[in-house]
J.: 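Submitted below is the structure of interest, expressed as structure tokens.
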Amino acid sequence: MASSISSIYNTTLRLTGLSSGIDTETIIKQLMQVEQMKVDKVKQEKQLLEWKKEDYRSITNLLRSFKDEYFDILKPETNMRSQSAYAKYNETSSDPDVATAIGGAGVIGTSHTLTVSEIAEAAKAESSAAVSGGANGTISLNDTLETVSAKLTAGSITFGGANNDELTLTINGVTITAKKNETLNTLINRVNSSNAGVKMSYSPFLDKFTINAKETGLSGNNITVTDNGSGFVSATRLNLVDNKLTGGKDASFTLDGKTSTSKSNTFTIDGVTYTLKGKTGASTTITLEQDTDGIYNLIKGFVDKYNEIISTINNEYNEKRNRDYPPLTDAQKEEMTENDIKLWEEKAKAGMLYRDSILGNITNDMRRAMYDSIYTTSGDSNTKLSYNLASIGITTGSYQDMGKLIIDENKLKEAIKNSPEQVIQLFTQESDVAYSPDLTAVQRKERYEENGIIYRLYDIIENNIRTTRDSSGKKGILLEKAGIAGDLTDTNNLMNTAIAEKDSLIDTLLVKLQEKEERYYQKFAAMEEALSRMNSQSAWISQQMG
């Protein structure tokens with residue numbers, strides 16, 4: 001379909017004005033300019049819709065980046081929905097060679113005395129002597145199993161299978177098979193990647209094989225190896241059977257006067273994760289001090305990002321459209337430089353979301369989530385205590401700040417130091433009513449009142465950019481409105497529907513424009529034909545009277 005008068009003209013060759021001498025082309029172009037204005041108007045309306053869709057998507061991406069940074073379980077350091085993100089401690093050990101520790105969520109700063117009696121060890125089977133090195137040389141990891149067989153000091157092994165070319169090992173009930181033309185390294189990798197629960201290795205320097213249980217402690221004492229008759233692991237070859245097994249050991253320690261054991265050298269007690277380092281028979285003092293600055297910086301970073309979002313959305317919401325700068329028509333662009341077009345469109349794009357209800361609801365909901373108190377049950381009683389951001393030194397500014405938050409650094413740090421549980425609860429508390437877009441009004445109210453700050457904001461973000469559907473088949477409000485790349489809403493959204501309607505209207509107008517232009521040409525052609533006949537008649541009369 002043609003998109004302008006000039007393009008229509010360029011498709012048809014006409015000879016006009018031959019009899020009248022009138023510039024028919026110019027006259028018709030001028031007559032058609034009014035019709036072209038109708039097309040341009042709809043094109044401008046379409047352009048405004050496209051710009052509006054872009055602005056909606058920029059808000060969606062802004063909220064997505066906020067969610068990815070502070071609500072993502074894959075980022076435990078900044079996932080503010082999890083209490084572990086607030087578990088920041090400065091840990092010191094009087095003897096790090098004995099043990100170190102890391103404080104978890106809810107741990108109160110304190111000191112612990114730890115004495116290590118024994119380190120946890122894994123069960124191990126090891127060749128007691130070199131296994132090769134005869135006339136054929138020492139084994140290499142890149143040797144085929146057939147070559148390995150020839151290099152074994154105690155003689156070759158017996159390959160099995162249908163073609164007598166397979167070596168089969170059974171370790172802890174798991175069968176591993178390799179062909180004799182495959183390398184030793186291939187066999188070892190298959191053992192290590194299997195479910196046998198062991199790690200096999202060969203040292204070319206020591207010319208010994210070792211099999212270690214992957215799990216430390218007594219429960220890891222389960223290495224059983226058979227070679228299914230090949231003789232590969234027998235006492236006369238790899239020497240990994242009989243009495244060559246060293247059993248696993250549990251770690252033994254005394255923490256604050258109480259003795260205990262652990263199958264692993266890393267274990268957690270009362271929220272503190274300890275790691276034994278290997279210096280047995282010695283003691284160390286573990287000191288945990290809450291990292292007030294670390295928690296403060298986490299909350300401050302969150303508040304700064306929140307303020308950035310509030311400011312961006314408010315600017316979009318309050319920016320008025322400059323109607324002196326409508327979208328440019330094709331004809332106008334042809335008369336302007338690229339830089340002039342760019343500067344014009346910067347002004348023309350402003351105010352696309354002025355007083356938009358979706359943006360207004362987002363900022364109102366987010367501000368309310370920050371202002372309203374959080375209610376929590378005190379102990380086993382039914383008494384509910386209320387907290388809010390102001391109680392820990394985070395308040396809103398003046399009316400002109402439009403919901404931005406201000407941090408009283410001293411008061412917030414004091415709250416983190418003296419009331420860490422209250423601070424964590426204020427942010428991370430979640431209602432027993434799980435999030436769902438299909439909650440009833442009563443359920444939504446209950447969840448909102450019981451949720452902490454983070455879960456309230458999480459619900460607001462989900463309501464707007466959720467990619468899952470509710471019972472009516474709807475996704476998040478912003479996605480339904482303008483969609484987002486990488487989702488089905490990229491093409492299936494309300495803005496695209498409106499844009500498609502404009503495209504259809506433009507096509508209809510262009511057809512009418514072409515039809516009207518054709519009628520004008522037909523009329524002028526009829527006039528030319530009449531003038532031609534009149535001129536012929538006049539010439540004939542003149543000739544007769546001559």
J.: Enumerate the residue pairs fulfilling salt bridge (Lys or Arg N to Asp or Glu O under 4.0 Å) with a member in residues 483-499, sequence neighbours excluded, ordered by first and then second residue.
T.: R57-D490, K475-D487
J.: Quick one: does any side-chain atom of E69 pair with a main-chain N or O of T78 as donor and acceptor, under 3.5 Å?
T.: no
J.: Under 4.0 Å between a Lys/Arg side-chain N and an Asp/Glu carboxylate O for K88 and E77?
T.: yes
J.: Which pairs count as ring pair (Phe, Tyr, Trp, His ring centres under 6.0 Å) when at least one residue sits in residues 433-480, sequence neighbours excluded?
T.: none
J.: Side chains of T268 and T273: do they bring a donor and an acceptor to under 3.5 Å?
T.: yes
J.: Determine yes or no for a side-chain-to-main-chain donor-acceptor pair under 3.5 angstrom, with Y371 supplying the side chain and N388 the backbone.
T.: no
J.: Salt bridge (charged side-chain N to carboxylate O under 4.0 Å, His left out) with D365: which residues, sequence neighbours excluded?
T.: none
J.: K333: what forms a side-chain contact (heavy atoms from CB on, under 4.5 Å) with it, not counting sequence neighbours?
T.: L328, I341, E345
J.: Ignoring hydrogens and geometry, is there a side-chain-to-backbone donor-acceptor pair from S311 to E308 under 3.5 Å?
T.: no
J.: For the backbone of K404 and the side chain of N307, can you confirm whether one donor and one acceptor N or O come within less than 3.5 Å of each other?
T.: no
J.: Who pairs with F302 by ring-ring contact (aromatic ring centres under 6.0 Å, His included), at least two apart in sequence or on another chain?
T.: F66, Y70
J.: Does anything in residues 406-416 pair up under salt bridge (Lys or Arg N to Asp or Glu O under 4.0 Å), and if so which pairs, sequence neighbours excluded?
T.: D293-K413, E409-K413
J.: Do D470 and K474 sit within salt-bridge range, that is, some charged N less than 4.0 Å from a carboxylate O?
T.: no
J.: List in chain and number order the residues that pass salt bridge (charged side-chain N to carboxylate O under 4.0 Å, His left out) with K199, two or more places apart in sequence or in another chain; answer none if no residue qualifies.
T.: none
J.: Can you sort out the partners of T100 under side-chain contact (heavy atoms from CB on, under 4.5 Å), two or more places apart, ordered by chain and number?
T.: P96, T275, K277
J.: Would you tell me whether S84 and S82 have side-chain atoms, one donor and one acceptor, within less than 3.5 Å of each other?
T.: yes
J.: Is there any ring pair (Phe, Tyr, Trp, His ring centres under 6.0 Å) pair reaching into residues 332-352, and which pairs are they, with sequence neighbours excluded?
T.: Y325-W344
J.: Give a yes or no on whether a salt bridge exists between D304 and K300, defined as a side-chain N under 4.0 angstrom from a carboxylate O.
T.: yes
J.: Just to verify, what does D432 make a side-chain contact (heavy atoms from CB on, under 4.5 Å) with, not counting sequence neighbours?
T.: none
J.: Could I get the full list of side-chain contact (heavy atoms from CB on, under 4.5 Å) partners for N496, not counting sequence neighbours?
T.: K53, T491, N493, I499
J.: Among residues two or more places apart or on two chains, list those pairs meeting ring pair (Phe, Tyr, Trp, His ring centres under 6.0 Å) that have a residue in residues 465-515.
T.: none
